[in-house]
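Here's the structure, in structure tokens; my notes come after.
Remember, it's a predicted structure, so these values are computed and weren't measured experimentally. Chain naming here is simple, since letters A, B, ... match the order of the sequence lines and numbering starts at 1 in each. Just so it is clear, the values below take in all heavy atoms, side chains as well, and ignore hydrogens, waters and symmetry mates.
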Amino acid sequence: MSATIRWATCSPASGGCKAMRCSTRWAGTPSACRPKMRRWKRRSIPANGRAPISPRCATSSSGSDSRSTGAASSRPANPIITATNRRCSSISTRLASSIARAAQFVKQCQAGGTSAADIETAEKLGYDTGLTARHPFEPEWELPLYIANFVLMDYGTGAIFGVPAHDQRDLDFARKYGLPVRRVIADGEEADPEFAGGEAFSGDGALVNSRFLDGMEIETAKSAVISRAEEEGWGEGTTVWRLRDWGVSRQRYWGTPIPMIHCAECGAVPVPRDQLPIILPEDVDFETPGNPLDRHPDWKHVACPQCGGEAERETDTLDTFVDSSWYFIRFASQPGDKPFDAAAADAWLPVGQYIGGVEHAILHLLYARFMTRALNRMGRIGVKEPFAGLFTQGMVTHETYEAGDGSWLSPDEVTRDGDDWVRVADGSPVTPGRIEKMSKSKKNTVDPDPIVDQYGADAVRWFMLSDSPPERDLEWSEAGIEGAWRFVQRLWRLVADDKSGTGPSTELRTGEDADLDRRLHRTIAGVAEDIEALGFNKAVAKIHELANAIEKAEPSASRAEAVRTLIRLVAPMVPHLAEEAWAKIGGEGLVADAPWPELDESLLVEEEVTIAIQVNGKLRDTLTAAKGASKPDLEKLALASEKVARQLDGSAPKKVIVVPDRLVNIVA
RNA sequence: GCGGACGUGGCGGAACCGGUAGACGCUGCAGACUUAAAAUCUGCUUCCCGUAAGGGAGUGCGGGUUCAAAUCCCGCCGUCCGCACCA
């Protein structure tokens, strides 16, 4: 038999992924997202090569192994191992067709499960083909050729150079089938060709026992292998990219039709341009399982655009990810005659802030970026990255409730009875379960409509913003929404209250309240900062504090101004109430159009500060001092403290640390 | 197994660069108003001892660095999420 096997050897490119690496600013990007995304695409740099194979003669099969420390691979190899599922033209299949036992082996492997658990626990199985491949660098070396179940078809050519001493999988395999294991990378101490033990050495080191590569570091050796293979014309360095798991079509109604017609004579024929877009039928039946388009009585039956004969439409539709991968480009420009206008799209894009759930962060985001880059490379659009900023928000969750018979109950079917939960209908006991993402199957959903009816959209919104930081899950609670509702009421009362001086009479609008002024401007600054960082819960807390302070303050011009400002601060979060309030106090136009309150930075500077007094790092007292008080002054003040004196109990302090405007720490 | 994140009161969560842990909200308790209730308002609410003043402990656990650690370092434990033999 004469054939050529194509094999690959690879270097992991852990820091790679250049083509998909984001050059953009990922404002607020959760760090969790990037590694996740990285794992969904992968780059590696295999050297693909070809080596002639031939039947192994009995004599060389034993002898070849010890000599066959391959130099062709980055980690020089012993056996060549191929995947069991290499496609038609591939070596396994060709071998399999001629060798019955090999065929049986391949079949046996393919019968195994493909689930995660199956793969994980699957034993490494190999089949010795009895063939050898000639080593490209050392033609007299013959490498045994195995078929094995653990080699991935998808990686490179589906055939690899095994490196048993330096790859755990190969080592397991070699030990199982009694193949020699030769050290080709020195681990610092050992350079002996014999490799003992059951643990592969995968660390860094210089190559040994590998002829012309000896002494090189791994990376250097890889390049040397690739350039030599390319010079000699039997192999080349390649970059393999893989974008995982994108099922483009599905048997589903909801999705963009795939514009193809299948004709018995002409094969797959594209739908002519003038018949686009394809409109899906509306009289479809969703009751029966299966694809309603395929079942539809006449929609799929059309004439072939080429021969005019009877033909059928494609009834699969595109996965919704396909269109969500470029809809933002269409959104930016919507010409009637084409998908998008490049100039307009380039002017608008990239999208400033992408906000989505985590599941979008890794899938939709990846596809959208892929699509944009593809369009960019095709010259259809100028932008390379669709989104400048990414933020992934948490999900709304709710406790689950399980009835005695194991079925799930919805929150309005249960009620609290002391410390226990019971069923409203019959008082039977209910077991509260885990707090989970709202889903129909667990019945832990809450219908927003009645809540909006009862409390108003503003209260609902306020609660959602205030409860937890947006990147975390939000646990829906009735008590929480009540609290939000109370605050909304308070805001309104503050505005409606005459004391606020927001009415027509001016007498309440006299006098200054320096404390309130300072707090107001601190709040303006803080809220702006928090909103920009998407820390809405913190912004809400600051607004609460301001509202509390206003309520306590006596009428003054400052107070009236604080109320006016408060309305503008809450406007992004409770827009309806804010507009009402704005109108009530006679604000011009819409508060939505009003500028963000101006900040007086001079009011941010505190005149007095609270100084913590510690003894041995423990807080014992506090005192107020003028801002910027000198270290000796602060020390003197601190030592004058009665509580400090009590702690020191007469002894002199060993050391005093003074941090101006913050604290004094006395080491006793 | 690999990768990532997280761990702070009864709960959701604050705490800037290592500098007063528990802001703000929820819950709960007490009080005011009310014939009563709701609403509203006031106060308290990390835990332990104490009537109190005050004292002690405390940010998953164990160490370390530092005058000072929720925060930095080392080692564990736990929870959640993602991935699946990528040579």
Just the rounded figure in Å: distance from C1' of B:U20 to CD1 of A:Ile613. 10 Å

What pairs of nitrogen or oxygen atoms, one from the protein and one from nucleotides 37-48 of chain B, lie under 3.5 Å apart?
none

Could you tell me whether A:Lys654 contacts a base, only the sugar-phosphate backbone, or nothing, with contacts defined as non-hydrogen atoms closer than 4.0 Å? nothing

Give the C-alpha distance, both sets of side-chain angles, the deciding distance and a yes or no for side chain to side chain contact (heavy atoms under 4.5 Å, CB included) between A:Tyr146 and A:Leu179. CA-CA 11 Å; A:Tyr146 277 77; A:Leu179 299 169; 3.4 Å; yes

With a 3.5 Å limit on both atom pairs, tell me what B:C6 is paired to, counting Watson-Crick and G-U wobble, or say none. B:G78

Side chains of A:Asn537 and A:Ser466 only: does a donor on one sit below 3.5 Å from an acceptor on the other? no

Within the structure shown, what part of the strands sits under 4.0 Å from A:Val659 by heavy-atom distance: base, sugar-phosphate, or nothing? base

Mind calculating the distance between CD1 (A:Ile657) and P (B:A68) to the nearest angstrom? 8 Å

Can you tell me whether the base of B:G9 sits syn or anti, using the 90° cut around 0 to define syn? syn

Using side-chain heavy atoms (C-beta onward) and a distance below 4.5 Å, is A:Ile543 in contact with A:Met573? yes

For A:Glu529, does the CD atom have more than 12 heavy-atom neighbours from other residues, nucleotides or ligands under 6.0 Å away? no

Spacing of A:Leu604 atom CG relative to B:C16 atom P, expressed in whole Å: 18 Å

Classify A:Asn665 by what it touches in the nucleic acid, base, sugar-phosphate, or nothing, heavy-atom distance under 4.0 Å. base

Identified pairing partner of B:A70, criterion: Watson-Crick or G-U wobble below 3.5 Å: none

A:Arg490 and A:Glu551 ion-paired at < 4.0 Å: yes

With a 4.0 Å heavy-atom cut-off, tell me which residues in residues 459-470 of chain A come close to RNA chain B, sorted by residue number. A:Asp467, A:Ser468, A:Pro469

Is the shortest side-chain N/O distance from A:Arg472 to OP1 or OP2 of B:G12 below 4.0 Å? no

Give the rounded distance in Å between these two atoms: CG of A:Leu663 and C1' of B:C16. 15 Å

Gap between atoms CZ and C1', on A:Phe536 and B:A14 respectively (whole Å): 17 Å

Provide the Watson-Crick or G-U wobble partner of B:A39, both distances under 3.5 Å; none if there is no partner. none

Are A:Lys618 and B:G55 close enough that a side-chain N or O sits under 4.0 Å from OP1 or OP2? no

Can you tell me the distance, in whole Å, between the CZ atom of A:Arg662 and the C1' atom of B:A15? 11 Å

To the nearest angstrom, the CD1-C1' distance between A:Ile550 and B:C24 comes to 15 Å

Is the base of B:C17 syn or anti, where syn means the angle lies within 90° of 0? syn

For B:G64 and B:C80, measure between their P atoms and round to the nearest Å. 32 Å

If you count the non-hydrogen atoms of other residues, nucleotides and ligands that lie under 6.0 Å from CH2 in A:Trp485, is the total more than 12? no

Close approaches to RNA chain B from residues 538-548 of chain A, in residue order (heavy atom, under 4.0 Å): A:Lys538, A:Ala541, A:His544, A:Glu545, A:Asn548

Using atom C1' of each nucleotide, how far apart are B:A23 and B:G12 to the nearest Å? 13 Å

Select from A:Ala612 and A:Val667 the residue whose nearest nucleotide in RNA chain B is closer to the 5' end of that strand. A:Ala612

Pair assignment for B:G25, Watson-Crick or G-U wobble, requiring both distances under 3.5 Å: B:C11

Stepwise ring pair (Phe, Tyr, Trp, His ring centres under 6.0 Å) check, A:Phe463 with A:Tyr455: CA-CA 11 Å; A:Phe463 166 61; A:Tyr455 298 104; 9.8 Å; no

Atom CZ of A:Arg620 and atom P of B:A68: how far apart are they, to the nearest Å? 14 Å

Could you walk me through whether A:Leu619 and A:Ile613 pass the side chain to side chain contact (heavy atoms under 4.5 Å, CB included) check? CA-CA 6 Å; A:Leu619 183 74; A:Ile613 311 295; 5.8 Å; no

